[in-house]
Number of protein chains: 2
Amino acid sequence: MSPYDPADFPPFAVTVDLVVLTVRRDALCALAVRRGESPFQGCWALPGGFVRADEDLAGAAGRELSEETGLLAYDPGGPVPAAGGAHLEQLATYGDPARDPRMRVVSVAHLVLAPDLPAPRAGGDARSARWAPVESLLGEGPGAARDGEQAVRLAFDHGRILADGVERARSKIEYSSLATAFCPPEFTVGELRRVYEAVWGVALDPRNFHRKVTGTPGFLVPTGGTTTRQGGRPAQLFRAGGATLLNPPMLRPEV
Amino acid sequence: MSPYDPADFPPFAVTVDLVVLTVRRDALCALAVRRGESPFQGCWALPGGFVRADEDLAGAAGRELSEETGLLAYDPGGPVPAAGGAHLEQLATYGDPARDPRMRVVSVAHLVLAPDLPAPRAGGDARSARWAPVESLLGEGPGAARDGEQAVRLAFDHGRILADGVERARSKIEYSSLATAFCPPEFTVGELRRVYEAVWGVALDPRNFHRKVTGTPGFLVPTGGTTTRQGGRPAQLFRAGGATLLNPPMLRPEV
DNA sequence: GCAAAAGTGTTAAAGCTACACCCATGA
DNA sequence: TCATGGGTGTAGCTTTAACACTTTTGC
């Protein structure tokens, strides 16, 4: 093989696509943007865009994220849990020759876990953006189109990418402290439990959950404050501790 | 944003690189090839090559694998454990602008777990290939350069890619049945245990290990045969069962 | 017989599940 | 006072870790 010669390899376009997840009103939601151009004009799609010539992949993902949502990724490049800051990590790369009808595009998908935000901000190019429950985007389960939520089909292979991202999030909160990335900087044990319940779609025993998370060293750090924002007896407030790997892991009940 | 215009995005070269792991003489080893050209001429590197214009990413990885080793990936595209067939899955994508001094190259790394093979086969382009213990390639631990093994520095960012692949393999055999991909089609419980010990670098209790793997439904299927190839009392032979996820997982002892 | 590897039994500690029960607030 | 969510105690079960012990081969 001779040294790199333009004739040796076909040129590719490289993009980043973002699976941005949050928990809103006890449901796992993903950020979707409306496409303004063909193909799939008017369809919902994942946010994303081209990687620039001088840009790292994680850097491109962080830039797209802030352009689309105003969110700042806490640490592009490495998985770092941080309550109140968005977590960003690489998800997988999609390169089917037919995934874009116009040209050869390889997309490096990234996964973002964000706390609940006031409202999504549409990009500068006037496309609209919304948080949609993942089940309505994936056609998953019986509630796929309930409550006036429209079941939609995402553009390109974005349905597959979203499904992979959701699966990654579901399994990762099991053995890491990443669930705190869905929470505000200070949160209660009950709020953290509702995150697990929304992401997994199951009910957890509040008493055993409380014992488990407070008993796992490094997971939660009490701030000393309390809150009654959920009603009932005042609850202690916590910040995310430094631990990233949970040992033993949280146990996801059988489905 | 206007429809795709060649001026909108810079062209990238897209390659696949392979982390091919096997267990030889109770050590976790990776396949390395000698570079025949600049830069890093004469250095060791991971096998890999350009993705073709009409080719899927997993297809390119499978093609490179068979070109370099003669191995057939059992199921390119999906993680499927199979004793006797190589397992192939996507690992991660590396796209630092400076990772290749000549041009912008994005590499989609793949992870291959293979049973011990007679000998690596050099590619058609006369580059030499060898199995090297991962610790000698990573500079890991006290045995990094023992036994006449030369500690080497891999070309480009391949050291980082290899480290990520090894870490993926180490964690994945914990909760999946992938360790069987390192075994021949029929194997004993002791042989499987030595795989875990080599990959994790720890000693496991043979009695508890035996109970655990034979008691996990779907992990192992007895073939009825026995062998004494390891010496001592004849051991039952097993094939990999259909289960891919182990519940409960194998427990990796604390380090 | 002896070494070596396979495989079974047993026991104590640790972890999990389920649920009874009490606590502190707002309405 | 009542509803609501927060938090503790505890009994029973399952899983794990450590190790004694038996089995079946090759030499």
Side-chain angles (χ1 to χ4, degrees), chain A residues 23 25-26 174-175 183-184 186-198 200 202-239 243 245-255, chain B residues 25-26 174-175 183-184 186-198 200 202-239 245-255:
Chain A
V23 174
R25 287 180 271 115
D26 292 330
E174 217 166 336
Y175 57 89
C183 295
E186 298 199 350
F187 54 89
T188 68
V189 172
E191 288 163 351
L192 183 62
R193 176 171 49 80
R194 278 180 281 277
V195 164
Y196 274 92
E197 292 178 330
W200 284 345
V202 297
L204 300 174
D205 184 304
R207 291 91 50 124
N208 293 335
F209 183 88
H210 185 281
R211 225 191 323 262
K212 176 95 177 186
V213 296
T214 56
T216 298
F219 193 2
L220 300 183
V221 177
T223 66
T226 61
T227 183
T228 59
R229 62 188 175 219
Q230 301 292 337
R233 166 178 168 181
Q236 280 185 268
L237 284 169
F238 295 87
R239 284 183 294 102
L245 258 48
L246 302 184
N247 210 291
M250 301 295 301
L251 289 186
R252 170 154 47 159
E254 301 296 321
V255 201
Chain B
R25 285 179 273 117
D26 292 329
E174 218 166 335
Y175 57 89
C183 295
E186 299 199 349
F187 53 91
T188 68
V189 171
E191 287 163 352
L192 183 62
R193 176 172 47 80
R194 277 181 281 276
V195 164
Y196 275 91
E197 292 178 329
W200 284 344
V202 298
L204 299 173
D205 184 305
R207 292 96 58 148
N208 292 335
F209 183 88
H210 186 280
R211 226 191 321 264
K212 176 98 175 185
V213 296
T214 56
T216 298
F219 193 4
L220 300 182
V221 178
T223 66
T226 62
T227 181
T228 59
R229 62 187 174 219
Q230 301 293 337
R233 168 175 165 180
Q236 280 184 271
L237 284 168
F238 294 88
R239 283 182 294 104
L245 259 48
L246 301 185
N247 211 292
M250 300 297 301
L251 290 185
R252 168 154 48 160
E254 300 298 320
V255 201

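Worth knowing before you read on, the calculation uses all heavy atoms, side chains too, and leaves out hydrogens, waters and symmetry mates.
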Task: Atom-pair distance (CG on B:L251; P on C:dA14), nearest Å - done: 16 Å
Task: Under the side chain to side chain donor-acceptor pair (under 3.5 Å) test, residues paired with B:N208 that sit two or more places apart - done: B:R211
TODO: Strictly below 4.0 Å, heavy-atom distances to any atom of DNA chain D: list the hits from residues 210-219 of chain A, or just say none.
DONE: A:H210, A:R211
Open item on the list: Measure CZ/B:F187 against P/C:dA6 and give the value in whole Å, please.
Closed with: 14 Å
Task: Pair A:W200-A:E174, side chain to side chain contact (heavy atoms under 4.5 Å, CB included): steps then yes or no - done: CA-CA 10 Å; A:W200 284 345; A:E174 217 166 336; 3.8 Å; yes
Task: Any residue meeting salt bridge (charged side-chain N to carboxylate O under 4.0 Å, His left out) with B:R193, in chain and number order, not counting sequence neighbours - done: B:E197
Open item on the list: Test of understanding: with side chain to side chain donor-acceptor pair (under 3.5 Å), list the residues that count as partners of A:Q236, not counting sequence neighbours.
Closed with: none
TODO: Give A:R229 one of three labels, base, sugar-phosphate or nothing, depending on what nucleic acid heavy atoms sit under 4.0 Å from its own.
DONE: nothing
TODO: With rounding to the nearest 0.5 Å, note down the distance linking CD in A:Q230 to CD in A:E191.
DONE: 4.5 Å
Open item on the list: Using every non-hydrogen atom in the two residues, find where A:A243 and A:P217 come nearest and quote the distance to one decimal.
Closed with: CB-O, 4.0 Å
TODO: Summarise how protein sits on nucleotides 20-27 of chain C as a single string, 5' to 3': B when a protein heavy atom is under 4.0 Å from the base, S for sugar-phosphate-only contact, - for no contact.
DONE: BB-BBB--
Report, one line per pair, each donor and acceptor closer than 3.5 Å where one atom sits in a side chain of residues 220-227 of chain B; sequence neighbours left out.
unit_1 : atom_1 : unit_2 : atom_2 : d
B:T223 : OG1    : B:G225 : N      : 3.2
B:T223 : OG1    : B:L237 : O      : 3.3
B:T227 : OG1    : B:R229 : N      : 3.1

Open item on the list: If I take atom CZ from residue B:R239 and atom CZ from residue B:F187, how far apart are they, to the nearest 0.5 angstrom?
Closed with: 9.5 Å
Task: Straight-line distance of A:L192 CG to A:H210 NE2, nearest 0.5 Å - done: 10.5 Å
Open item on the list: Tell me the interatomic distance from B:F209, atom CZ, to C:dT8, atom C1', rounded to whole angstroms.
Closed with: 17 Å
Task: Qualifying residues under side chain to side chain donor-acceptor pair (under 3.5 Å), relative to B:D205, sequence neighbours excluded - done: B:R207
- [ ] Go through the structure and list residues passing ring-ring contact (aromatic ring centres under 6.0 Å, His included) with B:F209, not counting sequence neighbours.
- [x] B:Y196
- [ ] Identify, with sequence neighbours excluded, every residue that meets side-chain contact (heavy atoms from CB on, under 4.5 Å) alongside B:T228.
- [x] B:P234
TODO: Please report, rounded to the nearest Å, how far the P atom of C:dA4 is from the CZ atom of B:R194.
DONE: 14 Å
Open item on the list: Rounding to an integer number of Å, can you tell me how far B:D205 CG sits from C:dG9 P?
Closed with: 16 Å
Task: Partners meeting salt bridge (charged side-chain N to carboxylate O under 4.0 Å, His left out) with B:R233 (sequence neighbours left out) - done: none
- [ ] Tell me, please, the opening and closing nucleotides of DNA chain D, 5' to 3', among those with an atom under 4.0 angstrom from a non-hydrogen atom of chain A.
- [x] D:dT4 to D:dT10
Task: Global bending angle along the helix from C:dG1-D:dC27 to C:dA27-D:dT1, which compares the axes of five pairs at either end, to 10 degrees - done: 0°
